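For reference, the structure is listed below as structure tokens.
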Amino acid sequence: MKRGFFCRDPRDVARDLLGTILVNGPVAGRIVETEAYLAEGDPAAHAYRGRTKRTEVLFGPPGYAYVFRTRQHACLNVVAQPAGVPGCVLIRALAPVAGVDIMRERRGDVADSRLTDGPAKLCQAFDIDIRHYGVDLCDGVDPHLEEGPACDARDVVAGPRVGVGAAMTLPLRYYVADDSFVSRRT
DNA sequence: CTTACGATTCCC
DNA sequence: GGAATCGTAAGG
């Protein structure tokens with residue numbers, strides 16, 4: 001995945017990221033749901049309250065991983081836009097492509113359909129956590145992103161984001177219509 | 001040092 | 001509907 005891909009508005013990156021393949025060693029999956037977090041005017045974005053140790057990587061160059069914890073779970077984002085502009089895209093769900101058996105071991109006793117249908121679930125299935133904070137997702141070293149079969153633009157749906165405290169109804173969430181791994185249908 | 005609070009998930 | 005549970009950030 002070329003770094004230039006991420007050097008754009010988070011909304012465009014979020015939409016175009018659908019279909020991209022996330023790889024981490026033996027496990028891989030096709031992204032089917034994302035959310036954009038804007039660099040400016042977005043109270044729900046972590047970078048909204050400024051630059052801190054936690055949000056530091058958001059202000060760096062695009063294509064790097066911004067991993068954060070909420071409660072006891074980790075979530076994976078990709079930094080978008082040029083250095084100094086803290087936009088990012090949250091990877092909310094993906095469809096398993098390889099290593100399903102390993103995902104089952106990591107996720108415990110859950111149905112296959114719930115292996116990776118949520119931002120924290122996919123991190124657990126892919127063994128991604130805070131230790132991946134700031135890693136380059138464009139350098140080919142795991143974990144990394146690869147171009148996948150482009151999904152039909154007509155299948156892409158936009159809607160309100162999930163679980164954000166600051167009530168934001170802008171359509172910043174993108175997902176593949178009718179995909180069974182999308183975390184929630186609206 | 002102390003307190004408040006989640007970009008979630010799973011179980012009752 | 002509610003608890004789990006811990007790092008981060010802000011305030012004293």
Side-chain angles (χ1 to χ4, degrees), chain A residues 6 9-15 17-18 20 22 27 29 31-60 62-81 85-96 103-135 137 143 145 157-176 179-186:
Chain A
F6 301 99
D9 186 292
R11 284 163 287 210
D12 296 326
V13 176
R15 183 194 61 229
L17 216 38
L18 298 178
T20 297
L22 174 66
V27 300
I31 297 173
V32 298
E33 180 184 350
T34 58
E35 276 178 1
Y37 286 86
L38 310 182
E40 290 183 30
D42 185 359
H46 288 167
Y48 184 71
R49 309 204 177 274
R51 189 169 182 155
T52 65
K53 183 176 182 181
R54 181 205 198 190
T55 60
E56 186 70 29
V57 71
L58 289 172
F59 291 82
Y64 286 77
Y66 167 53
V67 181
F68 69 90
R69 281 184 65 114
T70 177
R71 285 290 193 279
Q72 55 266 59
H73 301 289
C75 295
L76 172 68
N77 297 249
V78 189
V79 178
Q81 299 183 277
V85 187
C88 70
V89 174
L90 170 69
I91 298 177
R92 283 196 58 86
L94 45 75
M103 295 186 200
R104 290 195 189 103
E105 291 177 20
R106 291 172 177 164
R107 289 280 295 127
D109 186 26
V110 302
D112 281 5
S113 61
R114 294 185 182 165
L115 245 23
T116 55
D117 64 336
K121 295 180 187 179
L122 69 89
C123 280
Q124 185 181 16
F126 278 62
D127 189 31
I128 288 173
D129 60 32
I130 201 67
R131 72 182 187 282
H132 298 293
Y133 181 92
V135 303
L137 296 172
L145 292 165
V157 182
R161 292 178 295 191
V162 176
V164 294
M168 286 274 297
T169 53
L170 295 178
L172 298 178
R173 171 177 180 247
Y174 300 85
Y175 57 97
V176 178
D179 190 289
S180 63
F181 283 92
V182 168
S183 68
R184 184 183 162 191
R185 258 153 286 244
T186 49

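Lettering of chains follows the sequences in order, A, B, ..., and the numbering in each one begins at 1. Note that the structure is predicted; figures quoted are calculated from it, not measured.
The nucleotide whose nearest atom lies closest to any side-chain atom of Arg71(A) is, among dT8(B), dA9(C), dA7(B), dT8(B).
One atom, CG of Asp129(A), and another, P of dG7(C), lie 12 Å apart when rounded to the nearest Å. One interatomic measurement links the two molecules: CG of Leu115(A) to C1' of dC10(B), which rounds to 15 Å at whole-angstrom precision. Here the P atom of nucleotide dT8(C) and the CD atom of Glu56(A) are 13 Å apart, to the nearest Å. In this structure, NE2 of His73(A) is placed 8 Å from C1' of dC10(B), rounded to the nearest angstrom. In this structure, CD of Glu33(A) is placed 10 Å from P of dT8(B), rounded to the nearest angstrom. Here dG7(C) presents its C1' atom at 12 Å from NE2 of His46(A), a figure rounded to the nearest Å. Atom CD of Gln124(A) is separated from atom C1' of dA4(C) by 14 Å (rounded to the nearest Å). Arg49(A) has its CZ atom 10 Å from the P atom of dA7(B), to the nearest Å.
Relative to the six-membered ring of Tyr37(A), Arg161(A) meets both conditions, a distance below 6.0 Å and an angle of at most 45° to the axis.
At the phosphate of dC10(B), OP1 or OP2 sits under 4.0 Å from a side-chain N or O atom of Arg107(A). Applying the 4.0 Å criterion to OP1 and OP2 of dG7(C), one finds that Lys53(A) has every side-chain N and O outside that range. Phosphate contact (OP1/OP2 of dA7(B), side-chain N/O of Arg69(A), threshold under 4.0 Å): absent.
Taking OH of Tyr66(A) as the reference point, atom CZ of Arg54(A) lies at 4.0 Å (rounded to 0.5 Å).
Residue Arg161(A) is classed as having no contact, given no heavy-atom separation below 4.0 Å to the nucleic acid. Note on Ala120(A): only backbone sugar-phosphate atoms sit closer than 4.0 angstrom, heavy atoms only; bases stay farther off.
Side-chain contact of Arg107(A) with Gln124(A): a donor-acceptor pair under 3.5 Å is present, judged by distance alone.
Judged by centroid separation below 5.5 Å and plane tilt below 30°, Tyr37(A) stacks onto the base of dA7(B).
In terms of position along DNA chain C, the nucleotide closest to Gln72(A) lies nearer the 5' end than the nucleotide closest to the other residue of the pair Gln72(A) and Thr52(A).
Between Leu145(A) and Ile31(A), some side-chain heavy-atom pair lies under the 4.5 Å cut-off. In this structure the side chain of Thr116(A) reaches within 4.5 angstrom of the side chain of Phe126(A), judged on heavy atoms.
Base pairing analysis places dT9(B) opposite dA3(C); the two distances defining the Watson-Crick or G-U wobble pair are each below 3.5 Å.
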